[in-house]
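Letters A, B, ... mirror the listed sequences (proteins, then strands); counts begin at 1. What you are looking at is a predicted structure, and each value in this text was computed from that prediction instead of being measured.
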2 protein chains.
Amino acid sequence: MSAPTVYDVAERSGVSIATVSRVYRNPDSVRAQTRERVLDAARELGYVPSGNARGLASRTTGVLGLCFPDYADPDAEADAEADSDADDAVMLYSDQIIRGMERAARRHGYALLIAASLEGGPESLVAKVAGRVDGFAVLAQTVPTEDLEVISRRLPVVMLAGPREIDHLDHIVVANADGERELARHLIEDHGLRRLAFIGGEVASPDAEARFRGFQEACRDAGLPVPDAPDMRAEMMTQAEGARTAEAMLDRYAGLSDTERPQAMLFANDQMAVGALRALERRGVRVPEDLAVTGFDGIPLSRIVRPPLTTVRQPIRQLGEQAVELLVQRLGDREREPVSLMLPVSLARRASCGCG
Amino acid sequence: MSAPTVYDVAERSGVSIATVSRVYRNPDSVRAQTRERVLDAARELGYVPSGNARGLASRTTGVLGLCFPDYADPDAEADAEADSDADDAVMLYSDQIIRGMERAARRHGYALLIAASLEGGPESLVAKVAGRVDGFAVLAQTVPTEDLEVISRRLPVVMLAGPREIDHLDHIVVANADGERELARHLIEDHGLRRLAFIGGEVASPDAEARFRGFQEACRDAGLPVPDAPDMRAEMMTQAEGARTAEAMLDRYAGLSDTERPQAMLFANDQMAVGALRALERRGVRVPEDLAVTGFDGIPLSRIVRPPLTTVRQPIRQLGEQAVELLVQRLGDREREPVSLMLPVSLARRASCGCG
DNA sequence: GTGAAAGCGCTAACAG
DNA sequence: CTGTTAGCGCTTTCAC
């Protein structure tokens, strides 16, 4: 009793397999009466068209893919309450992209195949994805460049966030530098702050680095001293690290007078800023009266914390949607020149910088 | 210039197509030197194995699927800040399941194909998914039962949440009734409350209904009057609706004395409870002093609101993980008896009921 | 409108 | 360890 095929359905309904095929592919090309016979037979048999066979024969899958970073050790015990916020941050990011892609894909009639990259997975599962989709998106640093090199010669690939590693690929980033520059400018010009401290992430994070560059630009533009490195770096960009770095900053500047110590801390992301907010509260530092605090990302939590966090909203979902648009476009025209999109970000002025 | 195939690689590396196939399927079964030759040729050619052809020939895809409800009109303009919380609630739910499934699937070497069901989609996209996966999970009320009936005869399907519509399918639910009963019991026994109001959702929501049943049980167990319907129903189970119903309740009981009006409002989910919290604050009702408030779900927001919300944590992610486990099991043994799992929930006692 | 025949690119025995 | 030979289940011309 193996699964029924077009042959079974054809036989049972007294038509040829070509007709069965037509019924599923282009129902109107078959006389209504014939069509019903076929459909009935299919129902009785429990027939489900094989996507594989279809794909093989038609050379398209109707599926788009996404490779994203391994956001958690899959072998880790699932403990809802104890999940680290590091996890959460990355996951939220991936979730949003998945949402965006799924939504856009659906609009174009595609389904979405997702796969997180294992650490040192065998034959990288990108291969698995690549072979089953019409095109796919890759989050930066998820897939070895050399693999992409090979794969992208055979099907559309769009790189998301991070540097454009392969120049013939479509590529989308968010305006990290612009956003941070605008944020710093706001603090400097609108709030009259002069002494700003930037708390960065690991050097390997292209996003965090780009944000720091934006910070530098704002300093330069305002005629303030331009630091050549973040005042401090956090390895993880988590709430815990945010709290830790905030306290470390406090200690570092403890001996300084009010006119010397920083008036604002700009964190490379919201998670850290939120952690800092809590640490500062514990230490009796009032935000924004004593110190302004800002983040980056615009995660939901940023609106909920007290004081609400001034931050830069990243259009993460749109990143996913745009990715699909580019893939669909390229599927329609393989010759189109590769594009590199930079999605605009927007400043969310809230209480933590003294606004509102 | 069509995509290179095993034949191209075989020719270029001077081996047979069988060997090329082996290199990708079971590298150790090929002499290292031969393997390298093949791999080199593949690299030069830009060869990517066709998942479709593999699937066709091997009768497995290495992909599991998930059909979930259309959580938002795909044609709606994406406006991050303006997304309704209705959206968010459903999305968070789906996201968690996706996460859980992806994680578990990866652990078993599967990728995950996801597709939200269109409203009146053509030939329901379940067909699309069904044809491309080895098995899949379906969120309740996502796929017409009759379709499932047919499809589930040919590949493993597991139903998630909601009633078990087809009895030969594996099925997983969370202990909605148990959770709400325990929650109500806590209010009654531990806090000594006697007058509880339950705010339900739409009648069509199996979850909300199950929670109400749990509420009824607790009332009965405690010898309190047992209502035969929720005190009030919200159509959407959103924050806005929660706020609205909370105010309506306030108005309804405005004329009663302190010893007559409800001492607690039990909402069918967290979203509503959170909305209620805000509405109550606006109306000057103190929680929990004047009125206890509880939710259900254990969404992240429930921990963050003030006062933190007493709720019942649903192991949504585990729902996804378990779904994969069942699918994998069944893939290994088609004859296994269908199982129906009920995942335990846990009470999160927080300030909104008077705890902590 | 419908049928016949030829693959799509790979895996799966079986030989050797 | 490697090659040969059949299909896997469908879409696609091209006839009728």
Side-chain donor or acceptor of A:R35 paired with backbone N/O of A:D28 under 3.5 Å: no
Short side-chain to backbone donor-acceptor contact, B:H171 and B:G162, under 3.5 Å: yes
Shortest non-hydrogen separation from B:A111 to B:A105 and the atoms involved: O-CB, 4.5 Å
Donor-acceptor pair between A:S21 and A:R25 side chains, under 3.5 angstrom: yes
For atom CD of A:E11 and atom C1' of C:dT2, their distance in whole Å: 18 Å
Sequence-distant partners of A:R336, salt bridge (Lys or Arg N to Asp or Glu O under 4.0 Å), two or more places apart: A:D170
Main-chain N/O of B:A3 paired to A:R154 side chain as donor or acceptor, under 3.5 Å: no
Carboxylate-amine/guanidinium proximity below 4.0 Å for B:E149 and B:R153: no
Residues B:D40, B:R43: salt bridge by 4.0 Å N-O rule: yes
Span of DNA chain D in contact with chain A (heavy atoms, under 4.0 Å): D:dG9 to D:dT12
Annotated protein contacts, base or backbone, on nucleotides 10-16 of chain C with a non-hydrogen cut-off under 4.0 Å, one of B, S, - each: BBBB---
